[in-house]
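See below for the structure under consideration.
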Amino acid sequence: AAVNAVDEQMSNWKADSDLSRLNKALLGQWLTIPQELFDVLEAALLVSRQSQGAFDIGVGDLIDAWGFGPIAGIDEQRIHAMRAQARQPAFEVLEMDPANLRVRKHASITLDLSGIAKGYGVDQMARSLDVRGITRYLVGIDGEMRARGTKPDGRLWSIAIERPIRHQREAMGVMELSDAAIASSGDYRRWVEYGGKTYAHTMSGALREPSSNQLAAVSVVATTCILADAWATALLVLGEKVGIELAQERRMDALFILHEDDGFQEVSIVA
């Protein structure tokens, strides 16, 4: 039920979701939204500021144009048009009113929470167990995981790190967790071919197209899954140099997997 509530509020695939209402709202129009959506928007804007705009929930139009949204297929005309347009990250054009749970847009923008809502959904699953007094668990949604306590035998929870290769799924390594969350972003699950090149689904607002660098995947360990989810996306967009430097500066726990010849190189950052 907790996960369904997140989906009902934050899905771009549901025309009647609260996020879809916000996307349709007029510029300057205050819109009252549920507490959960407000919290996710605030967290997203915070990570966006801290990542120099690399994590940006205002790329919904790019996601749609590249065929990763509800409507399949690449819209070449929109892609060319958006490459020539100036863009502002969402944190510059969204105004939040915490006292009244309201938000309004000051520029035309299409929001997409696919890089953070799943992590929040995992946190909501964890809270559902916490309030019922359950102190040992591992919960997850499609690879975004959160652990509390240990297994009944006292061992830590084991999380497989997927090898970032397309068309098959296999483990590259194992990470052990307790009282922490982990999320991963990569270029190996969803992609399209366009103009003779392959593009993954993670968007860069600055580039006005899918992110492109040497990173194959990034996994982040954090206290909450919402933060792990958002930062995994942000670091993937920032790339192998700036992303690693920022993770080190912020004393994050992160695993970077880089494409290297016919294999991969791992760079581990530990706080």
Side-chain angles (χ1 to χ4, degrees), residues 1-65 68-71 82 85-132 139 141-142 144 146 181 183 203 205 222-234:
V3 174
N4 287 340
V6 172
D7 188 51
E8 290 295 328
Q9 291 183 28
M10 307 178 201
S11 173
N12 285 80
W13 301 70
K14 298 180 184 294
D16 58 349
S17 72
D18 295 285
L19 182 65
S20 293
R21 288 196 303 114
L22 178 55
N23 280 333
K24 296 171 186 174
L26 300 176
L27 296 187
Q29 173 191 353
W30 282 111
L31 186 69
T32 301
I33 59 176
Q35 180 73 61
E36 294 84 356
L37 177 56
F38 194 93
D39 291 344
V40 171
L41 290 177
E42 279 201 320
L45 299 185
L46 176 62
V47 174
S48 186
R49 292 187 190 95
Q50 293 175 340
S51 66
Q52 306 151 25
F55 181 76
D56 186 9
I57 58 173
V59 294
D61 54 342
L62 289 170
I63 290 172
D64 290 341
F68 295 113
I71 301 176
M82 286 188 290
Q85 294 173 349
R87 298 184 69 90
Q88 291 176 274
F91 71 83
E92 292 184 356
V93 301
L94 276 187
E95 182 179 356
M96 310 291 289
D97 177 12
N100 298 293
L101 292 181
R102 300 187 305 172
V103 60
R104 64 177 172 179
K105 302 178 294 184
H106 293 291
S108 180
I109 191 171
T110 303
L111 304 176
D112 186 291
L113 298 178
S114 58
I116 193 170
K118 190 188 300 180
Y120 181 75
V122 174
D123 288 336
Q124 291 295 81
M125 295 171 71
R127 291 188 188 102
S128 297
L129 300 177
D130 289 338
V131 299
R132 287 162 178 79
V139 293
I141 302 174
D142 192 29
E144 320 293 49
R146 182 164 171 173
M203 292 293 157
T223 54
T224 62
C225 204
I226 188 174
L227 288 178
D229 197 6
W231 275 111
T233 300

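None of these values were measured; they are calculated from a predicted model.
- Taking CD1 of Ile116 as the reference point, atom CD1 of Ile226 lies at 4.0 Å (rounded to 0.5 Å).
- For the pair Glu42/Pro98, a side-chain contact is recorded, criterion being any heavy-atom separation below 4.5 Å from C-beta on.
- In this structure, Val59 and Arg87 have side chains that are in contact, with non-hydrogen atoms separated by less than 4.5 Å.
- For the atom pair OG1 of Thr224 and CZ of Arg127, the computed distance is 8.0 Å after rounding to the nearest 0.5 Å.
- Nearest heavy atoms, Lys105 versus Leu94: CG-CD2, 3.6 Å.
- Side chains of Ser17 and Leu22 form no contact here, defined as non-hydrogen atoms less than 4.5 Å apart.
- Contact annotation: the side chain of Val40 never approaches that of Gln9 to less than 4.5 Å [non-hydrogen atoms, C-beta and beyond].
- Using a cutoff of 4.0 Å between basic side-chain nitrogens and carboxylate oxygens, Asp18 and Arg21 are scored as salt-bridged.
- With hydrogens and angles ignored, the 3.5 Å screen pairs no side-chain donor or acceptor of Lys118 with any backbone N or O of Ala183.
- Leu45 is listed as a side-chain neighbour of Ile57, based on a closest heavy-atom distance under 4.5 Å.
- Distance check: Ile141 CD1 to Gln124 CD gives 10.0 Å after rounding to the nearest 0.5 Å.
- In the model, Asp39 has a side-chain atom that pairs as donor or acceptor with a side-chain atom of Gln35 under 3.5 Å.
- Closest of all the heavy-atom pairs between Ser11 and Lys14 is OG-N, 3.4 Å.
- Between Val122 and Arg146, the closest heavy-atom pair is CG1-CB, 3.6 Å.
- Closest non-hydrogen pair, Asn100 versus Thr32, comes out as O-CG2, 4.1 Å.
- One finds the CD atom of Glu36 at 4.5 Å from the OH atom of Tyr120 (value rounded to the nearest 0.5 Å).
- Remark: Asp56 CG to Thr233 OG1 distance equals 11.5 Å, nearest 0.5 Å.
- In this structure, Asn23 contributes its side chain and Thr110 its backbone to no donor-acceptor pair below 3.5 Å.
- The two residues Arg132 and Ser128 make their nearest non-hydrogen contact at NH1-O, 2.9 Å.
- Contact annotation: the side chain of Trp30 approaches that of Glu95 to within less than 4.5 Å [non-hydrogen atoms, C-beta and beyond].
- By the salt bridge (Lys or Arg N to Asp or Glu O under 4.0 Å) test, Arg102 is found to be paired with Asp97, residues two or more places apart in sequence or in another chain being considered.
- Taking all atoms of both residues into account, the shortest heavy-atom contact from Leu111 to Ala90 is CD2-CB, 4.3 Å.
- Counting heavy atoms from C-beta outward, Leu113 and Leu37 have side chains that approach closer than 4.5 Å.
- To the nearest 0.5 Å, atom CE of residue Met82 and atom CG of residue Asp64 are 8.0 Å apart.
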